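Structure first, then comments.
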Amino acid sequence: MTGVRAALCRELGSPEVVAVEEVESPPLGAAQVRVAVQAASVNFPDVLLVAGQYQLKVDPPFVPGSELAGVVTEVAEDVTGLSVGDRVFGTTLVGAFAEEAVLAATSLTRTPDGVDDRTAAGFGVAHRTAYHVLRSVARVQPGDEVIVLGAGGGVGLAAVQLAAVLGASVTAVASSDEKLDVARSLGATRTICHRDADLRAALRETLPGGADVVVDPVGGDLAEPALRSLHWGGRFVTVGYASGVVPKIPLNLVLLKGMAVLGFQFADFAAHCADEMARNEAELLDLLAAGRTTVHLGATFPLDDVVGALRHVGDGRAIGKVILDVAPPAT
Ligand SMILES: NC(=O)c1ccc[n+]([C@@H]2O[C@H](COP(=O)([O-])OP(=O)(O)OC[C@H]3O[C@@H](n4cnc5c(N)ncnc54)[C@H](OP(=O)(O)O)[C@@H]3O)[C@@H](O)[C@H]2O)c1
């Protein structure tokens, strides 16, 4: 068996425990596909998994990395629909920060022509989450006023773009002008830096008529002022708790505004709304192929600097998606 270069986590800890080494090429099982990885996306859960602080535990040694793009080099006999040479992107729990990865065929999608590997690697979860939330949970309509919290993050920035694509007017909320400038360039019509302002007062001034929808991947102290800025009948969607704090909302606020508080969780949506999910993902792929949505590549690192990439994400410096070039990018 030949060796491949991979970022290996031999013990749990800070990003510095990860080192690039030569490892054995992973074996191919039933229903699986081998991919020569070109680019991978670095996400906060990767940092948590390496630290042993993620909701799922993986025992070392393991290769971190959950989103990748590359080229199919081998398919199991029972796989249909994918062939050697196909460009693909997809998601896994671990294994993406390596020259070769083996994934379930069902977790891979063909990369549309004209979409580069870095963009495809960053398209795995954030855009899909944002689109399902906007399209199926919040049911955003043209003309809706949509507030996006964490608007400089992966999910938030995708939600900004995709809400604008759906015809909404978007108010982006983030912690820095740098993040908000990117959000504005991707479709936000109004921006609020929550570090500089009382969010409730700023939202009242910005949206005097109230908002139709809040998309919240952050939680913590931002959730309640954002929820209070909904008008009667508004929809608040809780997507994640990047702040590390699950907010507790007084239910009388929900009663007084006749609002809906909704949740989204990927695995449950896939299990309970498979048809709607398939429709959304086909629409989203069309938007990507047509250039109507894209991935903001906030930073790129070579595989050899995997520690720098994990640090960048772990320290909260990421804007949009952070990419690891596993193979040299095509010029
Ligand atoms: N429900 C689902 O199925 C689903 C799917 C995907 C992701 N998620 C969850 O959604 C959340 C956001 O994911 P993401 O990919 O957008 O993450 P991300 O790219 O890391 O962005 C998170 C944003 O949260 C804000 N934030 C506030 N406090 C933070 C802290 N202590 N550490 C890190 N970020 C902090 C930051 O914005 P500011 O600097 O502007 O405050 C940051 O830009 C995560 O909790 C993730 O697990 C859920």
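Since we're looking at a predicted model, the values are computed, not measured. Residue numbers run from 1 in the order of the sequence given. Atoms within each ligand, like the ligands themselves, are counted from 1 in listed order.
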Compute whether any side-chain donor of one residue and acceptor of the other, for E276 and H132, lie under 3.5 angstrom apart.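 The criterion, which ignores hydrogens and geometry beyond distance, is not satisfied for H132 and E276.
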
Less than 3.5 Å apart, any donor N or O on the side chain of E100 or S25 sitting next to an acceptor on the other?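 Judged by distance alone, the side chains do pair up.
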
Among protein heavy atoms, which lies nearest [atom], and at what distance?
atom: atom 36 (C) of ligand 1; answer: K179 NZ, 3.9 Å
atom: atom 27 (C) of ligand 1; answer: V218 CG1, 3.7 Å
atom: atom 20 (O) of ligand 1; answer: F44 CB, 4.4 Å
atom: atom 48 (C) of ligand 1; answer: V239 O, 3.1 Å
atom: atom 11 (C) of ligand 1; answer: P217 O, 3.3 Å
atom: atom 38 (P) of ligand 1; answer: S175 OG, 3.3 Å

Where the closest heavy atom to atom 3 (O) of ligand 1 is concerned, which of Y54, F266, F269 has it?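 Heavy atom nearest to atom 3 (O) of ligand 1 belongs to F266.
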
Which of these, A158, A242, G316, has its nearest heavy atom closest to atom 32 (N) of ligand 1?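 Of the listed residues, A242 has the closest heavy atom.
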
Judging by distance only, is a nitrogen or oxygen of [X] under 3.5 angstrom from one on ligand 1?
X: V125; value: no
X: V155; value: yes
X: G152; value: no
X: G154; value: yes
X: G240; value: no

Using a 4.0 Å cutoff against the non-hydrogen atoms of [X], which atoms of ligand 1 qualify?
X: H194; value: 41 (O)
X: Q265; value: 1 (N), 3 (O)
X: G153; value: 16 (O), 19 (O), 21 (O), 43 (O)
X: A174; value: 40 (O)

Step-by-step side chain to side chain donor-acceptor pair (under 3.5 Å) determination, E16 to S14: CA-CA 5 Å; E16 286 70 22; S14 64; 3.0 Å; yes

Could you tell me whether the side chain of [X] and the main chain of [Y] form a donor-acceptor pair under 3.5 Å?
X: R34; Y: P26; answer: yes
X: N43; Y: D46; answer: no
X: K57; Y: G52; answer: yes
X: S107; Y: L103; answer: no

Apply the test side chain to side chain donor-acceptor pair (under 3.5 Å) to residues E67 and T91: give CA-CA distance (whole Å), side-chain angles for both, the deciding distance (0.1 Å), then the verdict. CA-CA 5 Å; E67 293 185 299; T91 58; over 6 Å; no

With the threshold set strictly below 4.0 angstrom, can you tell me whether any protein non-hydrogen atom sits that near atom 46 (C) of ligand 1?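 Under 4.0 Å from atom 46 (C) of ligand 1, zero protein heavy atoms found.
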
Rounded to the nearest 0.5 Å, how far apart are CD of E283 and CZ of R292?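 It comes to 10.5 Å.
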
If you measure from CG on L166 to CZ on R135, what distance do you get to the nearest 0.5 Å?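 Result: 7.0 Å between the selected atoms.
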
For side-chain contact (heavy atoms from CB on, under 4.5 Å), just list the numbers for D117 and R87, CA-CA rounded to whole Å, side-chain angles, deciding distance to a tenth of an Å, and then say yes or no. CA-CA 9 Å; D117 291 313; R87 293 181 64 229; 3.1 Å; yes

